[in-house]
Amino acid sequence: MSLVLHNTLSGRQEPLAPLVPGKVGLYVCGVTVYDRCHVGHARSLVFFDTVVRYLRFAGYDVKFVRNITDIDDKIIKRAAEETIPSEELASRYIGTFRADVAALGCLQPDVEPRATGHIPEMLDLIARLEKRGIAYASAGDVYCSVARIAGYGKLSKRKLDELIAGARVEVGERKREGLDFALWKAAKPGEPFWGSPWGPGRPGWHLECSAMSTKYLGQPFDLHGGGEDLIFPHHENEIAQSEGATGMPFVKHWIHHAFVRINEEKMSKSLGNFLTIEEILKRVPPEALRLFLVSTHYRSPVDFSDQSLLDAQRACARLHETLARVEERLGGNVAAPRGGERAPEAAALPASVRPFHEQFVAAMDDDLNSARALGVVFDEVREINRLLDAGADAPAIAEHHANFGRLGGVLGVLRHPAASYLEAEKGRHLAGAGIEPAEIERLIAERAAARKAKDFKRGDAIRDELLARGVVLKDGAGGTTWSVVQS
RNA sequence: GGCGGCGUACCCAAGUGGCUAAGGGAGAGGUCUGCAAAACCUCGAUGCAGCGGUUCGAAUCCGCUCGCCGCCUCCA
């Protein structure tokens, strides 16, 4: 059994076969920091985070590189609008990006290179392309001549003549062919620039990923990914640059995920129909957003809606309610696995949990089918609740606790003790509902007194009043506890 | 126009040739509970956009039709 992944380059599913057995190099195109990140970016972050977690779970030594584009036309444009230096704008949105990544609970990349920190590497790449007659300078710009690239279009499955015929890009005065793309852009007055043999300017967008990926992962390397909108022209051009400069293959395996849609349309900044990660996380816990995102296979579009998000939040609550029961049953003896670690061999697992582990692995090995894998986690939830209801002993519960936490951890949904999750949910709800915990406790005490006096009518009235305010009471052996409705 | 993808129960979503079509949300009935909540049990698509075809057998393969989306331009 081993991981099979869809490869955009071949259009087929192929086994992951690392260049160095046991090690995987992964490069992901990150964000351009000129605005806040939205749910679409969250999909990319969460998907590749899941990829890294699963690869490590499966025993691979992963080197994960994700870049930050901190210089480009959009950044310059925004900065000019705000009349601040582009570095200041970039720095601001690197800050919000980092906050979003942390809030989503994503693992840090091993290397997070920034374009502006790799200008020499990029200039070197241009020089090599020029030496091979692939790049040409023109009035301070430098372009890559697509016609000189063998196999151009192989990733996006496009033929060069069709691209030329259908090109919406105008042939610029400086460009020889419409499809040629900029490696270096001459600085206009007032724009940020770096010195180069071709004059002051800045790198073209595609160049940074070619330079930085191979700097940190070598050439060729194993896995390169991003959103499916990057297939053309971005990734096609990366291949052109890197293979053109060296004559060696660039990347073995390309993985691309589909988009988040909203009302049947792609969520994007240009359409203005986006919700930021920050806005969503005010409404639901990060685990709920992650669960929402991984409940669809990565190569299918996921439709965002309030109802779907609410469904995910309720499903997430089910997961954590069960975790809370488990933790209560085990008392203080709960060292929860956090995910991202190597899994034990299936043969070493207790027979009670092995089927869940194996089914989860089978699902993830099948082109990272996280939706199916999540179904397995819920199967185990039911099994755990059954055991708890039947009064199973602690060791039996502990076996499942370890397994269930480990599987959930791969999907990034059971990373904290249940209590902290449930407390956070209470806080989120109370902040919006205008009710204080002290008041809830007071009403619970009042109700307890009424119930003791057999005044169930009064007791039920209090419970109904709290319910109307989104607070659910639960009468247990040790007294009454409360939680909040997921809405 | 070129290329690619999608249409599965009330909603979301797995399943891509053959056991009773996963799982989650919502709903109905039951157990438990003073009543609830949570949990558990049971029910829920004789059918997988429509129509044809291939096959012993198809949601799954092929053809056509209808509806929707993405890329081809900055975009996760």
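The listed nucleotides are B/rG34, B/rA76, B/rA37; the one nearest the side chain of A/L230 is B/rA76. The nucleotide whose nearest atom lies closest to any side-chain atom of A/V31 is, among B/rA76, B/rA37, B/rC35, B/rA76.
Among the heavy atoms of the strands lying under 4.0 Å from A/E228 are primed sugar atoms or P, OP1, OP2 only; no base atom is included. Nucleic acid contact class of A/D73 (heavy atoms, under 4.0 Å, all strands): none. No engagement by A/H256 is indicated, since no non-hydrogen atom pair under 4.0 Å with the nucleic acid exists. Residue-level contact check: A/G226 touches the backbone only, with heavy atoms under 4.0 Å from sugar-phosphate atoms and none from bases. Among the protein residues, A/L473 comes within range of the nucleic acid bases, having at least one heavy atom under 4.0 Å from a base atom. No engagement by A/V28 is indicated, since no non-hydrogen atom pair under 4.0 Å with the nucleic acid exists. Among the protein residues, A/R261 comes within range of the sugar-phosphate backbone only, with heavy atoms under 4.0 Å from sugar or phosphate atoms but none that close to a base. If you check every strand for non-hydrogen atoms under 4.0 Å, A/G459 touches nothing. Residue contacts shown for A/R314 are limited to sugar-phosphate atoms, with no base heavy atom under 4.0 Å away. Using a 4.0 Å heavy-atom criterion, one finds that A/R66 contacts no nucleic acid atom at all. Within the nucleic acid shown, A/F259 comes within 4.0 Å of at least one base atom, counting heavy atoms only.
Ring orientation note: the planes of A/Y421 and A/H320 are close to parallel, at an angle under 30° on the 30°/60° scale.
Comparing the P positions of B/rC61 and B/rA14 gives an interatomic distance of 16 Å, to the nearest angstrom. Rounded to a whole angstrom, the distance from the P atom of B/rC10 to that of B/rG50 is 13 Å. For the C1' atoms, the distance linking B/rC32 with B/rC41 amounts to 12 Å, nearest Å. B/rU55 and B/rG70 have their P atoms separated by 39 Å, given to the nearest Å. Nucleotides B/rA49 and B/rG7, compared at atom P, are 7 Å apart to the nearest Å. When the C1' atom is compared between B/rG27 and B/rU65, the two are found 35 Å apart, to the nearest whole Å. Taking the P atoms as reference points, B/rC40 lies 12 Å from B/rG23, given to the whole Å. For B/rC72 and B/rA26, the P atoms lie 39 Å apart once the distance is rounded to whole Å.
Salt bridge status for A/E82 with A/R92: present, with a side-chain N to carboxylate O gap under 4.0 Å. The residues A/K426 and A/E423 are annotated as salt-bridged, a charged nitrogen and a carboxylate oxygen being separated by less than 4.0 angstrom. Under the 4.0 Å criterion applied to side-chain N and carboxylate O atoms, A/R202 and A/D73 are assigned as salt-bridge partners. Ion pair A/R283/A/E279 not flagged as a salt bridge, since none of the NZ, NE, NH1 or NH2 atoms sits closer than 4.0 Å to an Asp/Glu carboxylate oxygen. Between A/R451 and A/E446, no side-chain nitrogen of the basic residue sits less than 4.0 Å from a carboxylate oxygen of the acidic one, so the salt-bridge criterion is not met.
Of the side-chain N and O atoms in A/W205, one or more sit less than 4.0 angstrom from OP1 or OP2 of B/rC75. Distances shown here put a side-chain N or O of A/R318 below 4.0 Å from the OP1 or OP2 atom of B/rA39. Listed pair A/R386 / B/rC41 meets the phosphate criterion, a side-chain N or O lying under 4.0 Å from OP1 or OP2.
A stacked arrangement is assigned to A/F456 and the six-membered base ring of B/rG34, with a centre-to-centre distance below 5.5 Å and an interplanar angle below 30°.
Residues A/T322 and A/N385 bring a donor and an acceptor atom of their side chains to less than 3.5 Å of each other. For the residue pair A/E177/A/S145, the side-chain donor-acceptor check at 3.5 Å is not satisfied. In summary, the side chains of A/S305 and A/D303 do not present any donor paired with an acceptor at a separation below 3.5 Å, with no hydrogens or angles considered.
Residue side chain A/D460 reaches the base of B/rG34 through a donor-acceptor N/O pair under 3.5 Å, judged by distance alone. A donor-acceptor contact under 3.5 Å is not formed by the side chain of A/R382 with the base of B/rC40. If you check distances only, the side chain of A/K266 does reach the base of B/rC75 with a donor-acceptor pair under 3.5 Å.
When both pairing distances are held under 3.5 Å, B/rG57 makes no Watson-Crick or G-U pair with any nucleotide shown. Across all strands shown, B/rC74 forms no Watson-Crick or G-U wobble pair with both key distances under 3.5 Å. Remark: B/rU16 base-pairs with no nucleotide; criterion is Watson-Crick or G-U wobble with both hydrogen-bond distances under 3.5 Å. Figure legend. B/rU46 is base-paired to no nucleotide; pairs are counted as Watson-Crick or G-U wobble with both atom distances under 3.5 Å. With a 3.5 Å ceiling on both atom-pair distances, the Watson-Crick or G-U wobble partner of B/rC40 is B/rG30. Nucleotide B/rC66 has B/rG7 as its partner under the Watson-Crick or G-U criteria, with both atom distances under 3.5 Å.
Between the C1' atom of B/rG70 and the CZ atom of A/R43 lies a distance of 13 Å, rounded to the nearest Å. Here the P atom of nucleotide B/rA37 and the CD atom of A/E425 are 20 Å apart, to the nearest Å. The CG-P distance, from A/L411 to B/rG23, rounds to 17 Å in whole Å. For the pair A/F181 CZ and B/rU73 P, the computed distance is 14 Å after rounding to whole Å. Nucleotide B/rU33 holds its C1' atom 13 Å from the NZ atom of A/K454, rounded to whole Å. Rounded to a whole Å, the CD1 atom of A/I75 is 13 Å from the C1' atom of B/rC75. A straight line from NE2 of A/H41 to C1' of B/rC75 spans 7 Å, rounded to a whole angstrom. Distance, A/N273 CG to B/rA76 P: 14 Å, rounded to whole Å.
Near RNA chain B, meaning a heavy atom under 4.0 Å from it, residues 150-157 of chain A has no residue at all.
Comparing A/L374 and A/K269 by the nucleotide of RNA chain B that holds the closest heavy atom to each, the one mapping nearer the 5' end is A/L374.
More than 12 heavy atoms of other residues, nucleotides or ligands sit less than 6.0 Å from atom CZ of A/F232. Heavy-atom contacts from other residues, nucleotides or ligands closer than 6.0 Å to NZ of A/K157 number more than 12.
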Dump every N/O contact between nucleotides 9-16 of chain B and the protein below 3.5 Å, one line per pair.
| unit_1 | atom_1 | unit_2 | atom_2 | d |
| --- | --- | --- | --- | --- |
| B/rA13 | O3' | A/S295 | O | 3.4 |
| B/rA14 | OP1 | A/H297 | N | 2.7 |
| B/rA14 | O3' | A/N369 | ND2 | 2.9 |
| B/rG15 | OP1 | A/N369 | ND2 | 2.6 |

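The structure places CG of A/L45 at 6.5 Å from CG of A/L104, a figure rounded to the nearest 0.5 Å. Residue A/H6 holds its NE2 atom at 14.5 Å from CH2 of A/W254, rounded to the nearest 0.5 Å.
In this structure, A/F274 and A/V39 have side chains that are not in contact, with every pair of non-hydrogen atoms separated by 4.5 Å or more.
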